[in-house]
Amino acid sequence: MDSSTKCQGVAMRSVFDPLQVSRFLRVYDDAAAQKGMKLSIGFDFNEYVAITRSLETKRPTEPIFRPDCSPIKSGEGYWMIGADQNNEVALVEAARLYDLQHSNLAEHLESLKAFYADPVRQAHPRDRCTCTAPSARNIRGKVAYHGDFWLRKDFRGQGMPKIMAAVLRGISFAMWAPDFVCGLAGHWTLDKGVLGQYGHTHHESGGAILQLVEEKITEDNLLVWLTGEELRRLVYRHDKAS
């Protein structure tokens, strides 16, 4: 069934075809299963933080996905975990939606509102974020932010980043049909030539030069993103996860 149908002689195109999204997700869910990984999603971020705190080799989850710092309303966030054949967590990643109709990503980061619900009250006086990536000021509207990626060492080198990035993008498209999907990535992903494994269409330096004192975070990240139309084409094309 194509997303284009005809009704009484008038060509009609649905904005969202759940069958096509289901097919897209099934390809990557099957690919994960073939590698011994069972994927599942959740919506309670208190539960997510509890899970991530139990992972010895994962860095602490940043305030973006912590309800004590930045609460996520129902329907505006979800997380994914992958469990191995022993039902032990081997993969985590999270996503949330920002309403930037009257702002843009650069302003949202630099105001620290991406990290704290009330930066004036919650942020340390020396907390800073500078965003110099030129395209960040054009990223506005419904913006899906993906982050907090962690993959256990024994599953690395098997193509799992591509799989999990695709699943999150399919879910974000189905839930939100965002204007943009974005994230922040360390420069090492570019230096080691692995940035493409995460499916990022565009990247720029200066995404977030970040200091969060009490979180002991000092970072200089790339901005990575794709547009809503690029996301739609990704989901609607017939692709394979190999």
Side-chain angles (χ1 to χ4, degrees), residues 1-3 16-59 61 65 72 75-97 144-178 181-183 185-186 189 192-201 224 226 228 230-242:
M1 181 182 296
D2 191 88
S3 59
F16 166 64
D17 180 349
L19 284 177
Q20 181 58 31
V21 176
S22 177
R23 295 183 187 110
F24 175 84
L25 289 172
R26 181 63 181 270
V27 169
Y28 291 96
D29 188 47
D30 287 348
Q34 290 171 7
K35 298 179 186 298
M37 184 87 72
K38 180 180 179 181
L39 303 178
S40 59
I41 65 171
F43 302 94
D44 182 342
F45 276 84
N46 288 303
E47 180 182 358
Y48 178 71
V49 171
I51 292 170
T52 60
R53 281 177 177 164
S54 71
L55 304 173
E56 294 182 358
T57 62
K58 183 188 176 302
R59 294 172 56 188
T61 293
F65 295 113
I72 300 173
E76 295 185 356
Y78 66 91
W79 43 267
M80 181 172 72
I81 65 169
D84 64 16
Q85 294 178 345
N86 296 318
N87 206 34
E88 295 181 352
V89 176
L91 171 161
V92 301
E93 192 168 17
R96 67 176 299 169
L97 183 69
Y145 180 90
H146 292 181
D148 209 44
F149 171 82
W150 174 82
L151 180 65
R152 207 172 65 198
K153 187 175 181 180
D154 53 312
F155 279 93
R156 296 172 190 170
Q158 301 180 43
M160 284 302 303
K162 178 181 179 180
I163 293 170
M164 62 189 299
V167 172
L168 253 70
R169 285 171 180 167
I171 295 170
S172 289
F173 178 72
M175 288 182 63
W176 303 318
V181 174
C182 70
T189 60
K192 292 188 176 182
V194 300
L195 189 64
Q197 295 180 24
Y198 296 84
H200 301 309
T201 304
V224 295
L226 70 162
E230 288 167 338
L231 176 62
R232 192 193 72 82
R233 290 201 301 265
L234 174 70
V235 172
Y236 274 68
R237 78 185 185 203
H238 293 282
D239 199 4
K240 294 187 181 294
S242 58

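What you are looking at is a predicted structure, and each value in this text was computed from that prediction instead of being measured.
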Heavy-atom nearest pair, Met37 first then Leu39, reads CG-CD2, 3.8 Å
Less than 4.5 Å apart, any side-chain heavy atom of Phe173 and any of Val181?
-> no
So how far is it from Phe24 CZ to Leu19 CG, rounded to the nearest 0.5 Å?
-> 15.5 Å
Indicate yes or no for a side-chain donor-acceptor contact from Lys35 to the backbone of Met160 under 3.5 Å, with no hydrogens or angles considered.
-> no
Do you know the tightest heavy-atom contact between Ala174 and Val21?
-> CB-CG1, 3.9 Å
Leu97 versus Met175: any side-chain heavy-atom pair under 4.5 Å?
-> no
Count the heavy atoms of every other residue, nucleotide or ligand shown that sit under 6.0 Å from NZ of Lys58, and state whether that count exceeds 12.
-> yes
Rounded to the nearest 0.5 Å, how far does CD1 of Ile51 lie from CG of Asn46?
-> 11.0 Å
Parallel, tilted or perpendicular for Tyr48 and Phe45, by the 30°/60° rule?
-> perpendicular
One should read off an interatomic distance between Arg232 CZ and Gln20 CD, to the nearest 0.5 angstrom, of 10.0 Å
Residues that Thr57 engages under side-chain hydrogen bond (donor to acceptor under 3.5 Å, both in side chains), provided they are two or more places apart | Trp150
Taking all atoms of both residues into account, what is the closest heavy-atom pair of Ala165 and Glu93, and its distance?
-> N-OE1, 4.5 Å
Please examine the side chains of Asp29 and Val167, heavy atoms only from C-beta on, and report whether any two atoms are closer than 4.5 Å.
-> no
What side-chain donor-acceptor pairs closer than 3.5 Å can you find for residues 75-85, not counting sequence neighbours?
residue : atom : partner : partner atom : Å
Tyr78   : OH   : Leu168  : O            : 2.8
Tyr78   : OH   : Ser172  : N            : 3.4
Tyr78   : OH   : Ser172  : OG           : 2.8
Trp79   : NE1  : Asp44   : O            : 2.9
Asp84   : OD1  : Asn86   : N            : 2.8
Asp84   : OD1  : Asn87   : N            : 3.1
Asp84   : OD1  : Glu88   : N            : 2.9
Asp84   : OD2  : Arg152  : NH1          : 3.1
Asp84   : OD2  : Arg152  : NH2          : 2.8

Leu55: which of Val92, Leu91, Thr61 passes side-chain contact (heavy atoms from CB on, under 4.5 Å) | Val92
CD1 of Ile163 to CZ of Phe155, rounded to nearest 0.5 Å, is 10.5 Å
The reported gap from CG in Asp148 to CZ in Arg96 (rounded to nearest 0.5 angstrom) is 12.0 Å
Would you check if the side chain of Arg156 reaches a backbone N or O of Leu151 as a donor-acceptor pair within less than 3.5 Å?
-> yes
